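Here the structure is laid out as structure tokens; the discussion comes afterwards.
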Amino acid sequence: MIKKYYLLSPGPTPIPDRVLSVAAEPIIHHRTAEFSKIFMEVTEGLKYVFQTKEDVYILASSGTGAMETAVINTLSPGDKVITINGGKFGERWGNICRAFGLDTKEVIIPWGEDYSPEKLADEIKKNPGVRAVFTTLSETSTGAIFDIKGFGEVVSETDAILVVDGISGLGATPCPMDEWKIDVMVTGSQKSFMIPPGLAYIAFSPKAWKFVESSRLPKFYYDIKKYRKNLEKQTTPWTPAISLIIQQNKALDLIKNMGLENLLKHHVLLGEATRTGVKAIGLELLAKKPGNILTAIKTPASIDGNKLVKTMQNKYMAYISNAQDPHKGEFFRIAHLGYMGGFDIVTALSALEMTLLDLGYSQFQPGASVAAAEKILREGWS
Ligand SMILES: *Cc1c(COP(=O)(O)O)cnc(C)c1O
């Protein structure tokens with residue numbers, strides 16, 4: 001069999017051919033009118049996806065760099081913060097905040113469970129003087145979606161800022177920054193933005209900019225004021241990741257041509273098809289409130305989850321993702337994110353069924369997941 005590679009992970013995600021090919025073009029210099037034009041087009045395009053009037057800054061880092069940027073630019077040593085940890089990425093907020101000496105009140109939620117705005121309101125009441133709340137739009141380690149709109153309503157009534165990790169979620173599930181009263185929004189390039197890893201994006205609300213003015217945590221490379229000053233001159237403080245920005249411009253064309261609303265609807269359809277498919281073969285979802293970015297599926301008790309992922313990857317070259325530590329093997333994750341289409345879901349489900357049969361799990365009608373997904377896809381295809 002030709003070993004054809006199917007990337008079905010929640011980051012990095014597949015890249016459209018015309019976005020791939022621009023990376024092969026000769027490099028241009030970044031202190032030129034030619035580059036500035038592209039840079040400003042990307043900045044505008046990002047504002048469209050963020051749904052914000054504020055400027056969006058482009059960092060040469062993976063998503064975590066933007067998370068760190070959010071922390072160090074808004075806070076001061078010893079500030080009290082709340083971090084919502086419902087999985088690996090929510091946990092990262094706590095790790096970053098503690099690394100910078102913040103008084104970190106970490107709310108730990110079992111993986112896949114929800115957390116309500118009411119509970120957040122109580123937590124804020126219990127912690128007078130809290131300066132910031134850190135949360136996650138789409139918890140990529142579990143597939144769960146959090147009620148950012150509800151969190152925005154709660155936090156906007158206080159003196160604290162709401163900082164949202166939209167890496168994987170933004171551009172795939174609704175999250176209008178300004179309308180939902182988000183103060184700092186961060187995301188990365190390799191999930192819904194359809195380009196390789198290496199860029200991160202961040203925007204600040206007027207309330208957050210006031211925090212920036214008084215922030216005393218140390219910063220240099222990620223000092224957002226340097227970015228703000230340089231953006232006025234249509235450039236970046238340091239050498240930007242030129243080729244990635246050019247690729248992002250191409251990918252944003254695709255997003256703008258399709259329209260954000262249609263792109264979000266597309267993710268709803270793929271999510272629904274995936275969930276319906278796996279349920280049709282008797283498997284269970286992990287998240288109580290699954291998003292349309294990825295689907296986390298519990299490993300049937302009789303089989304080895306690590307083997308399942310390895311077989312899908314090594315035999316069928318279907319690169320789904322294992323659960324992360326400490327839940328490796330307990331569930332696995334199929335993405336429907338970024339530049340993925342209906343047939344990627346069919347591929348994922350087909351490879352899953354074949355893998356289950358290989359591992360001796362046969363309590364289902366072969367083809368049932370694919371048939372169920374096809375039905376949803378046919379009805380919603382437009
Ligand atoms: C991928 C991801 C991150 C980490 O981003 P890196 O690009 O690996 O630094 C953080 N949060 C969420 C929700 C993610 O999906």
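Every number for a ligand or one of its atoms is a count from 1 in the order of the listing. The shown structure was predicted, so the numbers you read here are calculated from the model rather than taken from an experiment. Scope of the values below: all heavy atoms of this structure, side chains included, with no hydrogens, waters or symmetry mates.
- Of all protein heavy atoms, the one lying nearest to atom 13 (C) of ligand 1 is Ile167 O, 3.0 Å.
- Ring pair Phe193/Tyr201: centre-to-centre distance below 6.0 Å.
- With hydrogens and angles left out, the side-chain atoms of His336 and Thr295 include a donor and acceptor closer than 3.5 Å.
- Between Thr64 and ligand 1, at least one pair of N/O atoms sits closer than 3.5 Å.
- Ligand-side atoms of ligand 1 in range of Ser168: 15 (O), range being under 4.0 angstrom from any heavy atom.
- Remark: ligand 1 and Thr140 share an N or O pair separated by less than 3.5 Å (distance only, no angle test).
- Counting only non-hydrogen atoms, the option in Lys191, Met67, Arg92 that gets closest to atom 2 (C) of ligand 1 is Lys191.
- In Pro10, neither the side chain nor the backbone holds a heavy atom less than 4.0 Å from any atom of ligand 1.
- In terms of protein heavy-atom proximity, atom 10 (C) of ligand 1 is closest to Phe89 CD2, 3.1 Å.
- Proximity of a side-chain donor or acceptor of Lys80 to a complementary backbone N or O of Pro128 within less than 3.5 Å is detected.
- At least one N or O atom of Gly63, backbone or side chain, sits closer than 3.5 Å to an N or O atom of ligand 1.
- Within the structure, ligand 1 has Ser138 among the residues with a heavy atom less than 4.0 angstrom away.
- Some N or O of Asp165 is nearer than 3.5 Å to an N or O of ligand 1, by distance alone.
- In this structure, the ring of Tyr115 has its center no less than 6.0 angstrom from the ring center of Phe146.
- For Trp238 and Tyr57, the ring centers are positioned 6.0 Å apart or more.
- Only one option out of Lys310, Glu330, Lys328 pairs with Asn322 in a side-chain contact (heavy atoms from CB on, under 4.5 Å); it is Lys328.
- In the vicinity of Ser62, heavy-atom distances shorter than 4.0 Å reach the ligand 1 atoms 6 (P), 7 (O), 9 (O).
- Judged by distance alone, with hydrogens and angles left aside, the side-chain atoms of Asp304 form a donor-acceptor pair with the main-chain N or O of Lys307 at under 3.5 Å.
- Side chains of Arg92 and Thr64: a donor on one and an acceptor on the other come within 3.5 Å.
- The proximity of Gln190 to ligand 1, defined as any non-hydrogen pair under 4.0 Å, is limited to the side chain.
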